[in-house]
Number of protein chains: 2
Amino acid sequence: MSENVVQRLRDEIENGIISNDFAPGARLDEVQLATRFGVSRTPVREALMQLNAIGLVEIRPRRGAVVIDPGPHRIFEMFEVMAELEGLAGSLAARRFTDTDRTAILVAHADCERSSSAGNSDAYYYDNERFHKAIYAASHSGFLAEQCVALHRRLQPYRRLQLRVRNRVATSFAEHGAIVEAILAGEAEQARTLLRQHVSIQGERFSDLVATLASR
Amino acid sequence: MSENVVQRLRDEIENGIISNDFAPGARLDEVQLATRFGVSRTPVREALMQLNAIGLVEIRPRRGAVVIDPGPHRIFEMFEVMAELEGLAGSLAARRFTDTDRTAILVAHADCERSSSAGNSDAYYYDNERFHKAIYAASHSGFLAEQCVALHRRLQPYRRLQLRVRNRVATSFAEHGAIVEAILAGEAEQARTLLRQHVSIQGERFSDLVATLASR
DNA sequence: GTCAACGTTCTTGCATACAAGATTTATCAT
DNA sequence: ATGATAAATCTTGTATGCAAGAACGTTGAC
């Protein structure tokens, strides 16, 4: 028992939800999870309570825990908020970035370029994440960074779909270029607008995707 | 046992933290809370886990739970984010409000006027809250509204201090007037800017307060 | 054959038990 | 008297137990 069982369970189950191992609507049986992870029900319940507080699972009294299904509309709302927070992070970054922030952003951007031109959308996914995290860090607002990371994580499955869409990687990388320019030039409002759009587009793409899937 | 013990505990402890009954840094002893609420440790722990997930308490392994003390700087960061979210809510409200939204906003605004001109800052505090919630509702974004309510709640203790500051109630009400005008006129960007400023000012006032307190 | 009422079984909610790490206290040496 | 060390105590982390509610199946009536 090296660390903390509950925290480990929380992460495992959360990852399971994010990675769609536990699909939305799926029932999370306490004893099943307990035996699966080789622990008793108590830490499992405590982990589920945490996920409930975060909004990842719903606990219906006496009827067990299920993975929350946000539904397309709510996911779009989440992208909307994400866009705003990223915009704020960008504008703060433009005003506050340090030398280390700049190099971190440039390195991440260069990595994005590599995976983008290689057409490796999986690699791009990770490099893109590091790029955005570099901007959060450059905002020098710990609270904002935490909020952004949490939302980013929750939107991960829906964002991931998009990179498969035609040309999305190339377009995304092009947008990154303009964002880097604005931030490093200290143009806060421009950085805000560009980042907001960069994220908003993903919400719209997601809606498009839902619409096309629904019409079949 | 009418409802759900854990949920009740969560609310009670959360309220205790918000209302400063449990001060930042205070240790939350499991058996103490359990006996106080007449339950066993298990539901107490589950409630603490939830508060930990929300970020209200910190659980140090094997060393118990303590109320998190955000510290002045982080509180300022929280106001910064709050300003952005309220701005978004305002801009969406300006574009999406319905007739019922309009009346709700106008009623809340009228109530604010009454308590403001009566010089009753406690009453104003509650009316102000209803005013802002009316705007969240008018944004027609459930997710955004939830985020705003949660942050609003966490900032409650620090916001409350400010209404005691010279002229703050009157100034706040004046700002509300302009905000209502912008929203009902459908001027989304204007509403965003005004609301952002309206909230930002509170963060700045908070910093002023901290500065003056520190210099004594 | 279908539907409903009843009883069985399963699952959750909370309490209690027990082990292991942290903290405090007491004792002893310097 | 002070500091360190060891023992006692307290607290947390996890497992287990038990009661009550929900899901499920069975049996019986029509």
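Comparing atom distances between the B:D29 side chain and each of D:dT11, D:dT14, C:dG13 picks out D:dT11 as nearest. Closest approach to the A:E46 side chain among D:dA22, C:dA15, D:dT14 is made by D:dT14 (side chain taken as heavy atoms from C-beta onward). In this structure, the nucleotide among D:dT16, D:dT12, C:dC14 sitting nearest to the side chain of A:S40 is D:dT16. Of the candidate nucleotides D:dA15, C:dC14, D:dG13, D:dA15 has the atom lying nearest to any side-chain atom of A:P43. Of the candidate nucleotides D:dT14, D:dG17, D:dG21, D:dT14 has the atom lying nearest to any side-chain atom of B:R41.
Aromatic ring orientation, A:F131 versus A:H109: tilted (interplanar angle from 30° to 60°). In this pair, B:H198 and B:H176 present their aromatic rings perpendicular. The plane angle is above 60°, beyond the 30 to 60° band.
Taking side-chain N and O atoms only, A:R63 has no distance below 4.0 Å to OP1 or OP2 of D:dG21. Contact between the side-chain N/O atoms of A:R27 and the OP1/OP2 oxygens of C:dT12 is found at a separation under 4.0 Å.
Following rounding to the nearest Å, A:R62 (CZ) and C:dT12 (P) show an atom-to-atom distance of 11 Å. Residue B:F37 contributes atom CZ, which lies 20 Å from atom P of C:dG13 at whole-angstrom precision. Taking atom CZ of residue A:R45 and atom P of nucleotide C:dG13, one finds them 5 Å apart after rounding to whole Å. In this entry the distance linking CD of A:E30 with C1' of C:dC14 reads 11 Å, nearest Å. Counting to the nearest Å, the C1' atom of D:dT12 and the CD atom of B:Q32 are 15 Å from each other. Spacing between atom CD of A:Q7 and atom C1' of D:dT12 amounts to 15 Å, rounded to whole angstrom units. Computed from coordinates, the A:N4 CG to C:dA20 C1' distance equals 14 Å when rounded to whole Å.
Along DNA chain D, the nucleotide nearest A:V39 and the nucleotide nearest B:G64 are compared for position; the residue whose nucleotide lies closer to the 5' end is B:G64.
Within the 3.5 Å criterion, the main-chain N or O of A:A108 finds no donor-acceptor partner in the side chain of A:D111. Judged by distance alone, with hydrogens and angles left aside, the side-chain atoms of A:S200 form a donor-acceptor pair with the main-chain N or O of A:R196 at under 3.5 Å. At distances below 3.5 Å, at least one donor-acceptor pair connects side-chain atoms of A:N15 with backbone N or O atoms of A:D11.
For A:H140 and A:F97, the ring centers sit 6.0 Å or farther from each other.
Within residues 48-59 of chain A, no residue approaches DNA chain D, by heavy-atom distance under 4.0 Å.
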Validation: residues 143-152 of chain B side-chain donor-acceptor distances under 3.5 Å, sequence neighbours left out:
residue : atom : partner : partner atom : Å
B:E146  : OE1  : A:R74   : NH1          : 3.3
B:E146  : OE2  : A:R74   : NH2          : 3.0
B:H152  : ND1  : B:Y136  : OH           : 3.4
B:H152  : ND1  : B:R159  : NH2          : 3.3

